[in-house]
Amino acid sequence: MPVAPRYELADGMRTQVAIIGAGPAGLLLAHLLTRGGVDSVVLETRSQEYVASRIRAGILEQSSVDLLTSVGLGDRLRAEGHEHRGIYLQWPGSRHHLDFVDLTGRTVWVYGQTEVQKDLVAAGTADVRYEVAEVALHDVETDRPYVTYLDREGNQQRLAADAIAGCDGSFGPSRNAVPAETFERTYPYSWLGILADVAPSTDELIYAWHPSGFALHSMRSPTVSRLYLQVPNGTDPASWSDDRIWAELALRLGHGQDGWKLTPGPITDKSVLPMRSYVQTPMRHGNLFLAGDAAHIVPPTGAKGLNLAIADVTLLSAALISQFREKSSVLADSYSDTALRRVWRCTHFSWWMTTMLHTGDDPFDAQLQLSQLRWVTSSSAGATGLAENYAGLPIGF
Ligand code: FAD
Ligand code: DHB
């Protein structure tokens, strides 16, 4: 579909949608708008290389894969990504496989956020201005919102738009431009995440409850593993030697249990990730729309952050295309409520997975967690609930 023309004005540039942030939400939104014939410009504070190399999420839900495939972004994903039927849940002495295909007919895919980002850049559908500074939003409650910023050369710029999409994550300026009610939960633990040049020791992800703390065995490819350990808040990654990390992973993941072995390898990246639940409502103020981490944060245990960002911009692009091409504001007016239904479902699921699997020093909590794990792995009702949420409900649910 032809994209509406872009105008150069005497006092700056005009586009239909000014998008703040070139993470997965911002770049995918630009891609979907371009396909729908709506013009956009994306502003990003970081360099293209920095954004492309940030190691973050690794699991795509079925509906994210279907969406990416339907908009021409599925070729490398389907060739190089890995489809998983389910996950393992375990605690000392027991490992159980939950088969999402048997339970819900849906699968998940291992495909890193870095790869999704590369595919979006390769599509060439987004006009991104990287390394901008001092991004400020103006008059968002009017029909003439605009953004001011310093370009890469340090020149003051003005970008006028019909709508602004705040896709600038949890530290960007967009969320503060929406008068909102906020809901928040912090957790008394973080994740120490590593990337290692070693073949995964498992065919599908292992989520492990252990008295010493939660551990997760994930992966990126047949030669690269991604693993996580629950650690106290404020942990310095440098205080964990490679040997200590592998020893703790072996303990928590059950090395030796029923003959299973964890193979260690060279660690290429080590970082600590704090955990938080946060939701801001509404996700719209006038002509400013929030999407992705700009509106909500989930703890990573349910693998939902990236998938929620994809779901948000799928809804938002449809709303903006309908507003600009069909002059209908129905979808734009319902965007916040529709998106928030899924946001709260994923917020609950992420909180539930997190609190079921992370251990503390309360023995009562530990017994409740083990009881819940036994139920989820032995009752088809319990297993189906987890599978339906993990593999993902349809976009628009
Ligand atoms: P982001 O990816 O944060 O993108 C926002 C973009 O806006 C960034 O490129 C940023 O540089 C830019 N920006 C910020 N301020 C400005 C500004 N003033 N002007 C212009 N641009 C700006 N999820 C999982 O499911 N599993 C995981 O393992 C996982 N690990 C994570 C690890 C870390 C360290 C973090 C921070 C998140 C992790 N997540 C994980 C969450 C997942 O990566 C996010 O949910 C996802 O990146 C959201 O995409 P987004 O585009 O909304 O936000
Ligand atoms: C990964 C991260 C998660 O938070 C998760 O639940 C599963 C996998 C990952 O980085 O591979």
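All ligand and atom numbering here is 1-based and tracks the order in the structure. Positions are given from 1 along the sequence. What you see is a predicted model, and the numbers here were worked out from it, not measured in a lab. Just the heavy atoms: all of them, side chains too, but no hydrogens, waters or symmetry mates, feed the values below.
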Answer with yes or no whether M353 contacts ligand 2, where contact means a heavy atom under 4.0 Å from a ligand atom.
-> no
Practice prompt. Look at ligand 2 and say whether L216 reaches it with a heavy atom at a distance under 4.0 Å.
Written response: yes
Requested in this report: Return yes when atom CZ of R345 has more than 12 non-hydrogen atoms of other residues, nucleotides or ligands closer than 6.0 Å, and no otherwise.
Outcome: yes
Nearest 0.5 angstrom please: [X] [atom1] to [Y] [atom2], how far?
X: T354; Y: Y189; atom1: OG1; atom2: OH; value: 6.0 Å
X: I59; Y: W109; atom1: CD1; atom2: CH2; value: 12.0 Å
X: Q90; Y: W209; atom1: CD; atom2: CH2; value: 11.5 Å

Enumerate the atoms of ligand 2 whose separation from the nearest heavy atom of [X] is less than 4.0 angstrom.
X: I59; answer: 7 (C), 8 (C)
X: L205; answer: 7 (C), 8 (C)
X: T301; answer: 6 (O)

So which heavy atom in the protein is nearest [atom], and how far is it from that ligand atom?
atom: atom 8 (C) of ligand 1; result: R54 NH2, 3.3 Å
atom: atom 11 (O) of ligand 1; result: E44 OE2, 2.6 Å
atom: atom 51 (O) of ligand 1; result: A25 N, 2.9 Å
atom: atom 5 (C) of ligand 1; result: C167 O, 3.4 Å
atom: atom 16 (C) of ligand 1; result: T45 OG1, 3.7 Å
atom: atom 46 (C) of ligand 1; result: Q113 NE2, 3.8 Å
atom: atom 6 (O) of ligand 2; result: Y207 OH, 2.6 Å
atom: atom 2 (O) of ligand 1; result: R56 NH1, 2.9 Å
atom: atom 24 (C) of ligand 1; result: A57 CB, 3.2 Å

[X]: numbered ligand 1 atoms lying under 4.0 Å from its heavy atoms:
X: G305; answer: 25 (O), 45 (O)
X: A303; answer: 25 (O)
X: P173; answer: 17 (C), 18 (N)
X: G23; answer: 4 (O), 6 (C), 9 (O), 51 (O)
X: G21; answer: 6 (C), 7 (O), 12 (C), 21 (N)
X: I20; answer: 19 (N), 20 (C)
X: G292; answer: 52 (O)
X: V135; answer: 19 (N)

Item to complete: Report the C-alpha distance between R252 and E248 in whole Å, list the side-chain angles of each, state the deciding distance to 0.1 Å, and finish with yes or no for salt bridge (charged side-chain N to carboxylate O under 4.0 Å, His left out).
Response: CA-CA 6 Å; R252 298 189 195 178; E248 196 62 26; 2.9 Å; yes
Check contact between Y149 and ligand 1, using heavy atoms of the residue and a distance below 4.0 angstrom. no
Self-check item: No-hydrogen, no-angle side-chain donor-acceptor test under 3.5 Å, S174 and D168
Solution: yes
Just by distance, with hydrogens left out, do D39 and T15 show a side-chain donor and acceptor under 3.5 Å apart? yes
Under 3.5 Å between any N/O of [X] and any N/O of ligand 2: does that happen in this structure?
X: P300; answer: yes
X: W191; answer: no
X: Y228; answer: yes

Q: Hey, can you tell me if H358 and W191 have their rings parallel, tilted or perpendicular (30° and 60° cut-offs)?
A: parallel
Handout entry: Aromatic ring pairing H96/W91, orientation class (parallel under 30°, perpendicular over 60°, tilted between)
Key = parallel
Q. Taking the six-membered ring for Trp, is the centroid-to-centroid distance between Y187 and W351 below 6.0 Å?
A. no
Judged by heavy atoms only, the candidate from L216, L308, V313, D293 nearest atom 41 (C) of ligand 1 is D293
Margin query: What verdict does the side chain to side chain contact (heavy atoms under 4.5 Å, CB included) test give for T125 and L33, after you've listed the backbone C-alpha separation in whole Å, the side-chain angles of each residue and the deciding distance to 0.1 Å?
Written below: CA-CA 9 Å; T125 39; L33 290 175; over 6 Å; no
What do we get for [X] next to ligand 1 when only non-hydrogen atoms under 4.0 Å count, side chain, backbone, both or neither?
X: L273; value: side chain
X: K304; value: backbone
X: Y228; value: side chain

query: Should E204 and R85 be marked as a salt bridge (charged side-chain N to carboxylate O under 4.0 Å, His left out) after you check the CA-CA gap, both sets of side-chain angles, and the distance that decides it?
result: CA-CA 8 Å; E204 298 195 335; R85 289 182 67 94; over 6 Å; no
Sequence neighbours excluded, the answer for ring pair (Phe, Tyr, Trp, His ring centres under 6.0 Å) partners of H97 is Y88
Should F324 and V42 be regarded as members of a common hydrophobic cluster, given that ILVMFWY residues are connected when their side-chain heavy atoms come within less than 4.5 Å of each other, either directly or indirectly? yes
Test salt bridge (charged side-chain N to carboxylate O under 4.0 Å, His left out), reference D162, set R325, R144, R14, K327, output is R14
Residue set satisfying salt bridge (Lys or Arg N to Asp or Glu O under 4.0 Å) with R374, at least two apart, ordered chain then number -> none
